[in-house]
Amino acid sequence: MDKKKVTVPLVCHGHSRPVVDLFYSPVTPDGYFLISASKDSNPMLRNGETGDWIGTFQGHKGAVWSACLDTNALRAASGSADFSAKIWDALTGDVLHSFEHKHIVRACAFSEDTHMLLTGGFEKILRIYDLNRPDAAPREIEKSPGSVRTVTWLHSDQTILSSCTDMGGVRLWDVRSGKIVQTLETKSPVTSAEVSQDGRFVTTTDGSSVKFWDANHYGLVKSYNMPCAVESASLEPKYGNKFVTGGEDMWVHVFDFFTGEELACNKGHHGPVHCVRFSPVGESYASGSEDGTIRIWQLGPANSEEQEAANPNGKMKVGANDVARKIEGFNIPKDGQAEGS
């Protein structure tokens, strides 16, 4: 415990206000990507491996609380305090569609098949938009018991998972019937809910607790109490043997999934950590903070077997220049700076 290695992160500047949400795309033929949501109203897209800035999505007029990418990282979505959710072309940065709401949109998520967008927020209504018919009225799921904080899809888009800002528990909705079929009980409001890459676990944070639930039978698998309030947690996607947390103490902690032992404590942020997420290959994880920065931390040197496992399709890793060429013509921020120095 005393001789933990100090990890030096990649520090990603650019946001002028707190970073409140992070989302990694799956691995695509062009690598993987990281999108960030910030109270500065401008979601940003980055190369997920290097942290290099690719582009900024400009168009929201209020804080952006949630941002995500579709399975192929060709489209982005964002939910904002300007009472709208927007779909963006992730190659050009153009707005493809804006879905108006009657209150703040706190959460959004693409379905796995990329044809639907799920939104939730202060209206206490879960809405499903058909992206093949964006002008059609959305389907509204039975009223949520409270203001929606998080949303995600489960079971190949057959189940919706949501949590509320003002009450504990995670609710699971059957998409077909639109009814709540199960509630995962927690004492405090759930601030983060992540479905593991293999679909086996749901990782949640509430108060100072990190919980892991069986995503198919809904039983509680593990529960660990943290020394301070945690806002976000993420499970390592390849082996499922580690998880990271971020919260009020400004540090990013790495724990052993099976024992709960702390393996590393990464210091560097100058404000509470609002979100942490593992990259899809598990070699690194990102944290977003009140201090306006994103930090990308390496998990540690992978041995050759782990590296082979991390690239099962034999895909080559792409460099930042390849990504830049792919996305040539993407919007540059008005001040012309790619990265805040």
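Keep in mind the model is a prediction, meaning the values are calculated, not measured.
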Peer 1: What pair of heavy atoms forms the shortest contact from Thr203 to Ser234, and how long is it?
Peer 2: CG2-N, 4.5 Å
Peer 1: With no hydrogens and no angle check, is any side-chain donor or acceptor of Arg75 less than 3.5 Å from a backbone partner on Thr114?
Peer 2: yes
Peer 1: Is there a side-chain contact between Leu126 and Ser162, using heavy atoms and a 4.5 Å cut-off?
Peer 2: yes
Peer 1: Consider only side-chain heavy atoms of I, L, V, M, F, W and Y, link residues closer than 4.5 Å, and tell whether Phe23 and Ile54 are in one cluster.
Peer 2: yes
Peer 1: Okay, side chain of Glu123, backbone of Lys102: is any donor-acceptor separation there less than 3.5 Å?
Peer 2: yes
Peer 1: With a 6.0 Å cut-off (strictly less than), is the heavy-atom count around CD of Gln182, excluding the residue itself, greater than 12?
Peer 2: yes
Peer 1: Let me confirm one number: the OG-NE2 distance from Ser41 to His15, rounded to the nearest 0.5 Å.
Peer 2: 10.0 Å
Peer 1: I need the Ser284 OG to Phe278 CZ distance, nearest 0.5 Å.
Peer 2: 8.5 Å
Peer 1: Closest heavy-atom contact between Trp173 and Gly178?
Peer 2: CE3-O, 3.8 Å
Peer 1: Report yes if the distance between the aromatic ring centroids of Phe212 and Phe257 is under 6.0 Å, otherwise no.
Peer 2: yes
Peer 1: Taking the side chain as every heavy atom from C-beta outward, state whether Val175 and Gln158 have any atom pair closer than 4.5 Å.
Peer 2: no
Peer 1: Starting at NZ of Lys179, measure out to CG of Asp174 and round the result to the nearest 0.5 Å.
Peer 2: 10.5 Å
Peer 1: Report the C-alpha separation of Thr293 and Asp291 in whole Å, then their side-chain angles, then the decisive distance to 0.1 Å, and conclude whether the side chain to side chain donor-acceptor pair (under 3.5 Å) test is met.
Peer 2: CA-CA 6 Å; Thr293 67; Asp291 66 16; 2.7 Å; yes
Peer 1: Dump the intermediate steps for side chain to side chain contact (heavy atoms under 4.5 Å, CB included) on Cys164 and Lys124, then the final yes or no.
Peer 2: CA-CA 9 Å; Cys164 298; Lys124 305 183 182 180; over 6 Å; no
Peer 1: Does a side-chain heavy-atom distance below 4.5 Å link Phe83 with Ile104?
Peer 2: yes
Peer 1: Could you report the tightest heavy-atom contact between Ser223 and Lys211, atom names first, then the distance?
Peer 2: OG-CG, 3.6 Å
Peer 1: List the steps, then state whether side chain to side chain contact (heavy atoms under 4.5 Å, CB included) holds for Glu283 with Leu299.
Peer 2: CA-CA 5 Å; Glu283 293 170 357; Leu299 191 56; 5.8 Å; no
Peer 1: Taking Glu194 for its side chain and Leu235 for its backbone only, find out whether a donor-acceptor pair lies under 3.5 Å.
Peer 2: yes
Peer 1: Just by distance, with hydrogens left out, do Asp113 and Ser111 show a side-chain donor and acceptor under 3.5 Å apart?
Peer 2: yes
Peer 1: Can you give me the closest heavy-atom contact between Met250 and His270, atom names plus distance?
Peer 2: SD-C, 3.6 Å
Peer 1: Nearest 0.5 Å please: distance from the OG atom of Ser25 over to the CG atom of Leu34.
Peer 2: 8.5 Å
Peer 1: Test side chain to side chain contact (heavy atoms under 4.5 Å, CB included) on Arg127 and His101 and set out the steps.
Peer 2: CA-CA 10 Å; Arg127 290 187 175 91; His101 292 63; 3.3 Å; yes
Peer 1: Donor-acceptor pair, Asp21 side chain versus Ala67 backbone, under 3.5 Å?
Peer 2: yes
Peer 1: Where do Ala109 and Cys68 come nearest, in terms of heavy atoms and distance?
Peer 2: CA-SG, 3.9 Å
Peer 1: Is there side-chain contact between Ser156 and Glu112, with at least one heavy-atom pair below 4.5 Å?
Peer 2: yes
Peer 1: Indicate, with yes or no, if Phe258 and Trp213 share a hydrophobic cluster defined by side-chain heavy-atom contacts under 4.5 Å among Ile, Leu, Val, Met, Phe, Trp and Tyr.
Peer 2: no
Peer 1: Mark yes or no for whether Thr28, through its side chain, and Gly31, through its backbone, hold a donor-acceptor pair below 3.5 Å.
Peer 2: yes
Peer 1: Heavy-atom distance under 4.5 Å between the side chains of Phe99 and Pro138, does that happen here?
Peer 2: no
Peer 1: When you measure from the side chain of Asp40 to the backbone of Ser16, do you find a donor-acceptor pair of N or O atoms at a distance under 3.5 Å?
Peer 2: yes
Peer 1: Taking the six-membered ring for Trp, is the centroid-to-centroid distance between Phe201 and Phe243 below 6.0 Å?
Peer 2: no
Peer 1: Is any side-chain heavy atom of Ile87 closer than 4.5 Å to one of Tyr129?
Peer 2: no
Peer 1: Would you kindly say whether Ser98 and Lys86 are connected by a side-chain donor-acceptor distance under 3.5 Å?
Peer 2: yes
Peer 1: So His155 and Tyr218, would you call those rings parallel, tilted or perpendicular, with 30° and 60° as cut-offs?
Peer 2: tilted
Peer 1: Look at the side-chain heavy atoms of Ile, Leu, Val, Met, Phe, Trp and Tyr, link any pair under 4.5 Å apart, and say whether Phe255 and Val221 land in one connected group.
Peer 2: yes
Peer 1: Val210 and Val190: same hydrophobic cluster, using ILVMFWY side-chain contacts below 4.5 Å?
Peer 2: no
Peer 1: About how many Å separate CZ of Arg295 and OH of Tyr285, when rounded to the nearest 0.5 Å?
Peer 2: 12.5 Å
Peer 1: Tell me which one of Thr191, Thr245, Thr186, Thr150 satisfies side chain to side chain donor-acceptor pair (under 3.5 Å) with Thr205.
Peer 2: Thr191
Peer 1: Taking Thr152 for its side chain and Leu161 for its backbone only, find out whether a donor-acceptor pair lies under 3.5 Å.
Peer 2: no
Peer 1: Are Trp251 and Val273 connected, step by step, through hydrophobic side chains (Ile, Leu, Val, Met, Phe, Trp, Tyr) whose heavy atoms are closer than 4.5 Å?
Peer 2: no
Peer 1: Examine distances only and state if a side-chain atom of Arg106 and a backbone atom of Ala81 form a donor-acceptor pair shorter than 3.5 Å.
Peer 2: no
Peer 1: So which heavy atom on Leu117 is nearest to which on Cys108, and how close?
Peer 2: CD1-CB, 4.3 Å
Peer 1: Going by atom types alone, do His274 and Glu231 pair a side-chain donor with an acceptor below 3.5 Å?
Peer 2: yes
Peer 1: Between the main-chain N or O of Leu263 and the side-chain N or O of Glu261, is there a donor-acceptor pair closer than 3.5 Å?
Peer 2: no
Peer 1: For Trp88 and His60, I'd like to know if the aromatic rings sit close, meaning centre-to-centre distance below 6.0 Å.
Peer 2: yes
Peer 1: Look up atom OG in Ser84 and atom NE2 in His97, then write down how far apart they are to the nearest 0.5 Å.
Peer 2: 11.0 Å
Peer 1: Given the rule in the side chain to side chain contact (heavy atoms under 4.5 Å, CB included) test, do Ser144 and Arg149 qualify, once you have shown the distances and angles that lead to the verdict?
Peer 2: CA-CA 11 Å; Ser144 167; Arg149 170 77 186 250; over 6 Å; no
Peer 1: Side-chain contact test, heavy atoms from C-beta onward, threshold under 4.5 Å: evaluate it for Met116 versus Arg139 and give yes or no.
Peer 2: no
Peer 1: Within the structure provided, determine whether Asp206 and Val170 are in side-chain contact (heavy-atom separation under 4.5 Å).
Peer 2: no
